[in-house]
Structures are given as structure tokens and as C-alpha cells.
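Some notes on the structure that comes next.
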Amino acid sequence: MASDFVRNLIADRLGGKKFDDNTCEYKFTKIKREKEEALIRNPNMEFIDMGVGEPDAMADEGVVRVLSYEAKKWSNRGYSDNGIQEFKDTAVEYLKKVYKVENIDSNDEINHTIGAKPALAMIAQVFINPGDIMLMTIPGYFVTATYAEWLGGKVHKLPLHKENNFLPDLDKIPKGIVKKAKLLYLNYPNNPTGAVATKEFFTKVVVFAKKNNIAIVHDAAYGVLVYDGETPLSFLSVPGAKDVGVEIHTLSKAFNMTGWRIGFIAGNKDIIKAFRIIKDNNDSGQFKPIQYAGQYAMEHPEITENTIAKYSRRLDMLVSTLKGLGFKVEKPKGSFYLYVKIPRAIPHLRVFKTASEFAEYLITQKGIVTIPWDEAGHYVRFSVTFLAYGEKEERHIMEEIYNRLKNVKFSF
Ligand SMILES: Cc1ncc(COP(=O)(O)O)c(C=O)c1O
């Protein structure tokens with residue numbers, strides 16, 4: 001075929017000549033596709049989607065109003081390059097107010113980003129040369145690691161286990177790896193485990209980074225989504241953090257603004273300087289009215305309060321529903337995820353060797369969408385961002401889950 005040669009030109013990082021066999025399909029896209037296929041097979045099945053972590057609510061009315069107002073101004077029409085100063089000033093104030101981070105300079109220690117995801121891709125471009133090692137916790141959000149590999153780097157994985165409160169054991173990393181590592185990616189509150197970090201842990205991270213010359217990237221995507229008396233914790237609030245790393249924030253989760261694509265990166269001056277150069281060569285900045293709307297959101301952190309109350313309530317409901325079905329689960333301290341160990345089997349019927357098998361069973365047999373994680377133990381992740389209007393509908397969904405699973409005799 002005339003166009004076949006094009007396929008042969010695809011880069012090796014995407015599979016080269018073998019490209020097209022879905023091996024590098026993004027994990028969540030794959031789940032979405034599996035769900036669509038299951039829907040075609042069972043058109044009458046009503047799916048309960050606890051898969052992709054995307055808030056079910058709209059952005060606050062005030063945020064929408066600012067966007068609409070600012071979008072009408074001629075002065076806001078163009079490229080924003082590395083962003084408007086007002087957004088950075090507000091982000092610095094937000095860090096102070098919400099996280100008690102006092103010492104970020106709004107000129108050269110912060111930059112807006114088009115959400116967290118591209119920032120995580122760019123941070124790999126800041127650090128990784130071929131052969132360099134980056135450390136990342138698993139299970140986890142793979143964007144920086146994927147990019148590091150694409151750039152010829154290597155990823156050393158640090159497993160997160162319940163016994164260590166889903167924090168990595170930095171003392172267990174082989175010395176040879178520590179010596180060669182350049183970058184450590186952390187994410188707390190953690191996706192998918194829901195664990196939060198502690199000041200002691202972050203202090204240890206700073207010591208580790210200084211001792212071993214390793215830069216830290218902390219992904220605070222779920223920063224404010226914490227429950228039951230837990231307070232939001234920033235890596236930058238720990239003394240010395242700014243000497244060794246940066247933190248990435250996004251308005252996606254805290255302000256129901258996933259599609260808006262706005263966030264920021266803050267911390268070490270040199271990293272921010274390098275990041276700006278990379279960013280300038282990747283994008284031309286977020287639309288200014290979106291930055292102004294984001295500014296409004298950060299000036300109203302109370303917007304998040306209702307969202308936190310909603311997720312907390314839903315997590316309580318889900319925990320008690322799953323407990324009633326025999327699962328051993330605990331409410332997480334943060335994020336909107338419940339990380340659930342899979343059952344071993346349905347005796348005499350089937351065995352679940354992996355979380356992928358269990359997740360597929362839940363989708364195809366029970367119409368319940370979860371995300372499987374097999375990287376450090378076998379777990380599925382339920383996200384409480386499922387679509388429901390109010391407590392009554394949420395209860396209905398919980399009853400539905402209970403009814404669909406109550407007659408299945410899982411062994412754990
Ligand atoms: C840990 C983590 N970081 C970053 C992101 C991406 O956030 P954004 O919407 O700002 O790109 C996600 C989204 O699911 C996430 O789970």
C-alpha cells in the first residue's frame with residue numbers, strides 16, 4: 001500500500017515498525033475502550049464508572065464568569081508565553097494561605113503550566129540525558145517516567161506497600177542506583193493508594209536529595225483533597241525543599257477544572273529557569289482568560305470545601321459498602337481514590353491472579369469500572385468521582401454495587 005512507508009518511519013519509542021499493535025496505548029484510554037466494547041456486548045447493562053479520576057462536577061460559577069468576562073477583552077487574545085504575572089502572584093498567595101509555604105518568589109520561583117501532565121513530561125526534558133536514572137514510586141502516575149524512557153533514561157521503581165504507609169523506603173534503594181539517579185518523582189496524596197505524606201517523610205526526602213545529589217519533583221495534584229482532620233501538606237513547606245526540588249500543582253482536581261488545563265510549578269530557581277526554556281519550546285502558554293479564571297479559583301479556596309465534603313462522604317459510603325461485601329478496606333487520608341486489594345478467587349468458579357483479571361471481571365460481568373494496579377501487589381482503584389447528583393443518588397449507586405456483588409462468594 002502506498003502509505004505503508006509512513007508507518008515504518010514511526011520512532012522506536014512508539015514501537016518503531018511494530019507500531020499500531022496498541023502496546024503503548026495509554027492505560028486509561030485502554031480502560032475506556034474496554035468499557036465501550038463491553039457496552040457493545042451488553043447494551044442494556046448500566047455501567048457504574050469508578051474508573052478515570054475526573055471530577056463529575058462543573059467548575060464554580062464565579063470561575064466560569066471570570067473566563068467569560070476576560071475572553072471578551074482584546075488584550076487577552078494572544079499568546080501568553082510563560083504566563084501572566086498576576087497568576088503567579090496569586091499562586092504564591094495560595095501556597096501561603098492553603099499550605100503555609102512562605103518563601104516562594106513570584107518572579108523566578110514559579111511558572112504557570114497547562115495542567116500538571118505536560119509539566120510532568122517537561123520536567124523529564126529538564127533533567128534526563130540518555131542513560132540517566134530516575135526514581136519513581138509504583139503504582140503511580142507514569143508521565144515523567146514514560147518521558148524519561150523516551151529520552152533514553154532508565155526508571156528505577158520504588159514499590160509502595162501498606163506496611164510502610166505507602167511511602168517509599170529510600171534506605172532500600174541499591175547504592176549503585178542511588179549514585180546514578182538524578183531525579184525522584186513523588187506524589188502525595190498519592191494516586192492510586194490515597195496515602196498522604198508526613199513532614200518527617202518529606203524532611204527525610206530533603207536529606208536524601210542533598211546527600212545524593214538527586215532532584216525532587218513532587219506532584220501535588222491532589223494536594224488539598226484530604227479528609228477527617230488531615231491538613232494539606234506541601235513538600236515546599238519543609239525546610240530545604242526549595243534547595244532540592246519543585247512541586248507541581250493543578251486546578252484540575254481541587255477546583256473541578258480538569259478540562260481547563262491550568263496549574264503551576266514552584267520551587268527551585270534553577271529548575272524553574274530550565275523548565276521555562278523547555279516549556280517555551282513546547283507550548284505558548286495557556287489562554288490568559290483561563291489564567292485569570294484560575295486566579296479567581298485560587299483566591300477562593302473555600303470553593304474546594306464542598307468538593308472535599310462530597311468525596312469524603314462518598315468514600316465513607318464506598319468503604320462501608322465494600323466492607324459489607326467482605327473486602328478489607330480503609331478510608332484513605334487523601335485523593336479521591338479507594339485502593340482495594342483484590343479477592344483471590346470465587347471458589348470453584350474462578351481464580352484472580354492479577355488485578356487486571358479482576359477489573360475485567362468487574363467490567364464485563366458486573367458493569368463496574370475500576371482501574372487495576374499490579375505493580376506492587378494486586379489492587380483495583382475505585383474513584384469516587386462517579387456521576388451522581390446528591391446524596392440520594394450516591395446511596396442508590398452504593399446499593400447497586402452491593403446488589404450486583406452480594407451473591408458472589410469471594411475468597412480473600
Ligand atoms: C498524580 C497525578 N498527577 C497529575 C495528574 C494530571 O493532572 P492535570 O489534569 O493537571 O494534567 C493526574 C491526573 O489524573 C494525577 O493523577
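Whatever order the structure lists ligands and atoms in, that order sets their numbers, starting from 1. Values reported hereafter were calculated over all heavy atoms of this structure, with side chains retained and with hydrogens, waters and symmetry mates removed.
A salt bridge links Arg404 with Glu400; the closest basic N to acidic carboxylate O contact falls under 4.0 Å. Ion pairing of Asp280 with Arg276 is absent here, as no side-chain N (NZ or NE/NH1/NH2) approaches a carboxylate O to less than 4.0 Å. Using a 4.0 Å cut-off between charged side-chain N and carboxylate O, Lys269 and Asp243 make no salt bridge. We find that Arg313 and Glu394 are joined by a salt bridge, their nearest charged nitrogen and carboxylate oxygen being less than 4.0 Å apart.
Using a 4.0 Å cutoff on heavy atoms, Glu54 does not count as a contact of ligand 1.
Partner of Leu338 under the side chain to side chain contact (heavy atoms under 4.5 Å, CB included) criterion, out of Thr370, Val380, Leu315: Leu315 alone.
Summary of contacts: the protein heavy atom closest to atom 9 (O) of ligand 1 is Ser252 OG, 2.6 Å. Nearest non-hydrogen protein atom to atom 4 (C) of ligand 1 is Tyr141 CE2, 3.4 Å. The protein non-hydrogen atom at the shortest distance from atom 2 (C) of ligand 1 is Asp219 OD2, 3.3 Å. Of the protein's non-hydrogen atoms, the one nearest atom 13 (C) of ligand 1 is Lys253 NZ, 2.8 Å.
Both tests do not hold together for Arg7 against Phe19: distance to the six-membered ring centre under 6.0 Å, angle to the ring axis within 45°.
Backbone and side-chain nitrogen or oxygen atoms of Arg261 are examined, and one is located within less than 3.5 angstrom of a nitrogen or oxygen of ligand 1. At least one N or O atom of Lys117, backbone or side chain, sits closer than 3.5 Å to an N or O atom of ligand 1. Note: an N/O pair closer than 3.5 Å links Ala116 and ligand 1 by distance alone.
Close contacts of ligand 1 with Thr250, meaning ligand atoms under 4.0 Å from a residue heavy atom, involve 8 (P), 10 (O). The Asn187 neighbourhood of ligand 1 comprises atoms 1 (C), with distances under 4.0 Å to a heavy atom of that residue.
Using modelled atom types and a 3.5 Å distance limit, the side chains of Tyr337 and Tyr222 yield a donor-acceptor pair.
Across Tyr337, Tyr185, Tyr222, heavy-atom proximity to atom 16 (O) of ligand 1 is greatest for Tyr222.
At a heavy-atom cutoff of 4.0 Å, ligand 1 is contacted by the side chain of Ala221 but not by its backbone.
The main-chain N or O of Gly15 is never found under 3.5 Å from a side-chain atom of Asp12 such that the two would form a donor-acceptor pair.
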